[in-house]
Amino acid sequence: RAAADFCEEFDDFVFCHNEALLYRWIEEYEPELFARIRRLVRAGKWRIMGGWYLQPDCNMPSGEAFARHFLYSQRYFKEKFGVTVRTGYNVDSFGHSAMLPALLKRGGIENYVFLRPDSFENSKLPGPLFRWFAPDGSSVTAFRIIDGYGSRYGSVQEDVAAALEPLEARDHTENIRTLAERKFGRLSFDDYAQKSKAFAYLYRCGYESADITDTISKMEQEEREWL
């Protein structure tokens with residue numbers, strides 16, 4: 001409900017969320033909120049992500065279990081919202097099957113966002129953005145979440161700086177700081193903390209579209225030589 005409020009309050013704020021089961025619960029128990037979300041999806045203010053029925057463990061389930069995740073969730077999202085999810089994510093799975101890119105691809109997923117393994121858990125990852133290949137040759141564009149997915153109380157400024165650092169090191173031409181400054185003028189991180197509009201914009205990953213699918217596509221274009 002708060003996310004829907006933000007979408008309606010801030011022109012630049014777009015919310016991304018996945019898991020078909022949660023949408024089914026909202027449809028059943030909060031039909032007014034569900035109708036509101038459908039309107040926001042049609043308006044491009046709310047993006048359906050993930051492609052899972054419920055975010056799974058990615059070590060133990062069988063291939064058939066993954067297939068059912070995509071079958072039921074993609075069918076539901078298409079029926080209720082008219083969308084096919086192209087970017088999957090699993091923010092805190094403690095491991096991944098080597099065949100997951102093949103399963104994702106067959107489920108209609110082209111991009112995958114994850115957290116683990118972090119760089120200290122597997123230093124062999126080429127960077128936050130790379131092409132992930134399954135043993136059968138199937139591949140998806142993978143993006144590892146930079147510096148976690150939450151902030152401790154009082155640490156937001158440091159966390160934003162930590163997230164900006166690797167993007168600037170890769171010399172992205174349209175990074176978060178550049179677009180925020182272009183839209184709101186040059187701001188210190190103290191200023192960001194005081195300006196909810198700027199923070200809503202930062203939430204959008206720094207690109208002109210909040211759809212993380214579009215964000216990954218743009219990053220791919222900028223760094224295609226090393227993907």
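Owing to the predicted nature of the structure, the values given are computational and were not obtained by experimental measurement. Counting from 1, the numbers follow the sequence of the chain as shown.
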Full working for side chain to side chain contact (heavy atoms under 4.5 Å, CB included) between F81 and R38: CA-CA 6 Å; F81 300 99; R38 293 184 71 182; 3.5 Å; yes
Ion pair R24/E28, N-O distance below 4.0 Å: no
V91 and Q55, any side-chain heavy atoms less than 4.5 Å apart: yes
is_close_aromatic(Y89, W52), centroid dist under 6.0 Å: no
Side chain to side chain contact (heavy atoms under 4.5 Å, CB included) between R42 and V83, intermediate numbers included: CA-CA 10 Å; R42 289 194 296 270; V83 301; over 6 Å; no
Heavy-atom pair of closest approach, residues H96 and P117: ND1-CD, 4.5 Å
K80 side, atom NZ; R75 side, atom CZ - distance, nearest 0.5 Å: 12.5 Å
Side-chain donor/acceptor of S93 to backbone N/O of C58, under 3.5 Å: yes
Within-4.5 Å side-chain heavy-atom neighbours: I48 and N18: no
Aromatic contact, F143 with F130 (centres under 6.0 Å): no
F6 CZ: over 12 foreign heavy atoms closer than 6.0 Å: no
Distance in Å, E8 CD paired with R39 CZ, rounded so as to fall on 0.5 Å steps: 7.5 Å
Close side-chain approach of H17 to F15, heavy-atom, < 4.5 Å: yes
Side chain to side chain, I109 and T87, heavy atoms closer than 4.5 Å: no
N/O donor-acceptor pair under 3.5 Å between E110 side chain and K105 backbone: no
Straight-line distance of K78 NZ to S73 OG, nearest 0.5 Å: 13.5 Å
Side chain to side chain, F133 and P101, heavy atoms closer than 4.5 Å: no
From C16 atom SG to R47 atom CZ, the distance as rounded to the nearest 0.5 Å: 7.0 Å
Side-chain heavy atoms of T141 within contact of R131, under 4.5 Å: yes
Side-chain (K45) to main-chain (F13) donor-acceptor, under 3.5 angstrom: yes
Which atom of A3 lies closest to which atom of W46, heavy atoms considered: CB-CZ3, 4.1 Å
Minimum heavy-atom distance between C7 and L40, given as atom pair plus value: CB-CD2, 4.0 Å
Side-chain ion pair, E121 and R116, N-O less than 4.0 Å: yes
Non-hydrogen atoms of V14 and G44 that approach each other most closely: CG1-O, 3.7 Å
Joint hydrophobic cluster, F70 plus M60, side-chain heavy atoms closer than 4.5 Å: no
Check: Q74 side chain, G107 main-chain N or O, donor-acceptor pair, under 3.5 Å: yes
Smallest separation among heavy atoms of N90 and P56, with atom names: ND2-O, 2.8 Å
Linked, directly or transitively: I26 and V85 (ILVMFWY side chains, under 4.5 Å): yes
Heavy-atom check, side chain of I37 versus side chain of Y23, under 4.5 Å: yes
Which residues share a side chain to side chain contact (heavy atoms under 4.5 Å, CB included) with D136, sequence neighbours left out: M99, A102, R106, A134, S138
Interatomic spacing from OH in Y72 to CG in L21 - rounded to 0.5 Å: 13.5 Å
Any residue meeting ring-ring contact (aromatic ring centres under 6.0 Å, His included) with Y76, in chain and number order, not counting sequence neighbours: none
Pairwise distance CG(L22) to CD(E19) - rounded to 0.5 angstrom: 4.5 Å
Side chain proximity check, T84 to F77, heavy atoms < 4.5 angstrom: no
Geometric class of the F114/Y112 ring pair [parallel <30°, tilted 30-60°, perpendicular >60°]: parallel
